[in-house]
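Working notes for the structure below.
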Amino acid sequence: MTFDLHTHSVHSDGTTTIASNVHEAVALGLEGLAITDHDTTSGCVEAFDEADGTGLQIIPGTEFSAEHEGWSVHVLGLWIDGADDALTTELDRLRNERLHRARAIVERFVGLGIAVSFDRVQQIAGAAPVGRPHIAQAVVEMGGAADTREVFDRFLADGGPAYVPKHAVDPCRAVELLRGAGGVAVLAHPGLYAERSGESGMPTDVIEEMVGAGLVGIEADHPDHTPVQRDHYRDVARVLGLVVTAGSDYHGEAKENRLGSATTPREAVERLQTHRRA
Ligand code: AMP
Ligand code: ZN
Ligand code: FE
Ligand code: FE
């Protein structure tokens with residue numbers, strides 16, 4: 001039995017509802033599903049309601065935005081208390097920061113000759129924290145690129161001409177906030193860090209510092225990692241005593257990854273869970 005520990009919904013930049021994700025997880029026969037929308041825990045209550053009586057375990061979580069030297073670092077928080085004061089305060093700040101940043105990114109596109117409208121971006125995001133995929137969709141609608149992948153490749157990936165960083169906390173503070181909320185912190189897709197800068201993934205010394213702050217797991221088996229990256233981060237996990245996790249990073253139609261296409265075995269989930277605050 002396995003767990004998908006990394007999924008998105010319309011509560012951030014995924015295109016599917018929480019109800020649909022829960023029902024799909026049940027249909028796939030998953031044992032558990034982590035709800036990890038970007039910088040929010042707003043989908044978690046609905047997930048528990050939908051999963052009630054199905055036998056599917058729900059892990060309430062978030063994919064928390066941090067940054068190191070101006071590059072995105074994502075930290076998965078699992079079993080977090082969405083009502084924790086310090087975490088809630090930072091998540092509120094982050095969502096507000098995302099609005100300012102989306103305006104700045106829209107201005108970059110306008111400067112590049114692609115007349116994206118901020119109102120349209122907000123419309124696409126709806127109640128979700130506004131993110132780059134929402135902006136990418138607006139750019140495609142304006143004819144600025146054939147599809148969202150092209151928008152990221154040409155403009156929006158970290159370091160691209162329309163990229164604006166988020167003014168997020170550093171990765172160690174992210175781990176502390178997630179732990180403070182009773183949760184277990186897992187470094188998401190370390191191999192995707194600073195791709196554009198030519199660096200190959202998160203430097204080991206930064207991961208070591210995060211371990212000092214209480215990091216428990218590392219998503220070595222992210223669908224977008226190459227086999228070499230998977231091996232490398234498995235080695236890092238062994239050396240630093242981290243639990244290796246996997247999740248689909250499902251985003252509905254916004255990404256090719258299918259729900260349940262990458263999963264973590266129960267034994268690893270149990271190891272993670274020993275670090276939860278009772
Ligand atoms: P944001 O939280 O606004 O920084 O956007 C992050 C999200 O954008 C990620 O979760 C991915 O869904 C998407 N994303 C980031 N970089 C890329 C990329 N190079 N190609 C495609 N999607 C990306
Ligand atoms: Zn996303
Ligand atoms: Fe991510
Ligand atoms: Fe994600």
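One-based numbering, in listed order, for ligands and for the atoms of each. Numbering of residues begins at 1 and proceeds along the displayed sequence.
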Compute whether any side-chain donor of one residue and acceptor of the other, for N257 and H251, lie under 3.5 angstrom apart. no
Hey, is CZ on R179 packed in by over 12 heavy atoms from elsewhere, all under 6.0 Å? no
Hey, is D39 close enough to R93 for a salt bridge, meaning N to O under 4.0 Å? no
Quick test: of every protein heavy atom, which one is nearest to atom 12 (O) of ligand 1, and how far off is it to 0.1 Å? H251 NE2, 3.2 Å
Would you please indicate yes or no on a ring centroid separation below 6.0 angstrom for H38 and H11? no
I need the nearest protein heavy-atom contact for atom 5 (O) of ligand 1: residue, atom name and distance, please. R132 NE, 3.5 Å
Note: ligand 1 atoms sitting under 4.0 Å from heavy atoms of G131 are 3 (O)
Below 6.0 angstrom between ring centroids: does that apply to H189 and H225? no
Given K166, H74, H38, H8, which has its nearest heavy atom closest to atom 1 (P) of ligand 1? K166
Whether the side chain of R258 engages the backbone of E256 through a donor-acceptor N/O pair (distance < 3.5 Å, no angle test) should be reported. yes
Which residue and non-hydrogen atom of the protein lie closest to atom 7 (C) of ligand 1, and at what distance in Å? D13 OD2, 3.6 Å
Could you find the nearest protein heavy atom to atom 2 (O) of ligand 1 and give me its residue, atom name and distance? R98 NH2, 2.7 Å
Salt bridge check: are R132 and D158 linked by an N-O gap of less than 4.0 Å? yes
Please list the nearest protein heavy atom to atom 13 (C) of ligand 1 with its residue and the distance rounded to 0.1 Å. F152 CZ, 3.6 Å
Taking ILVMFWY side chains as joined if any heavy atoms are under 4.5 angstrom apart, and letting links pass through other members, which residues group with V186? F3, L5, I59, L76, L78, W79, V184, V216, V243, V269, L272
Closer than 2.8 Å to the Zn ion (ligand 2): how many protein N, O or S atoms are there? 4
Set out, in order, the CA-CA distance, both residues' side-chain angles and the distance that settles side chain to side chain donor-acceptor pair (under 3.5 Å) for D249 and H8, then state yes or no. CA-CA 7 Å; D249 204 357; H8 297 271; 3.0 Å; yes
May I ask you to identify, for E63, whether its side chain, its backbone, both or neither come under 4.0 Å of ligand 1 on a heavy-atom basis? neither
Among non-hydrogen protein atoms, atom 19 (N) of ligand 1 lies closest to A157 CB, 3.6 Å
Keeping waters out of it, list the protein N, O or S atoms under 2.8 Å from the Fe ion (ligand 3). E63 OE2, H74 ND1, H189 NE2
Quick one: which ligand 1 atoms are inside 4.0 Å of a heavy atom on P133? 5 (O), 7 (C), 8 (O), 12 (O), 13 (C)
With a 4.0 Å cut-off, would you call D235 and R238 a salt bridge? yes
Partner of S9 by side chain to side chain donor-acceptor pair (under 3.5 Å), out of N21, D37, T16, T17: D37
Atom CZ of residue position R103 - does it have more than 12 heavy atoms of other residues, nucleotides or ligands inside 6.0 Å? no
Tell me the side chain to side chain donor-acceptor pair (under 3.5 Å) pairs involving residues 114-126, sequence neighbours left out? R120-Q123, R120-E141
Distance from E90 atom CD to D84 atom CG, nearest 0.5 Å? 12.0 Å
Kindly confirm or rule out an N or O of R101 lying under 3.5 angstrom from an N or O of ligand 1. yes
Looking at CZ of R173 and CD of E67, how far apart are the two atoms once the value is rounded to the nearest 0.5 Å? 15.0 Å
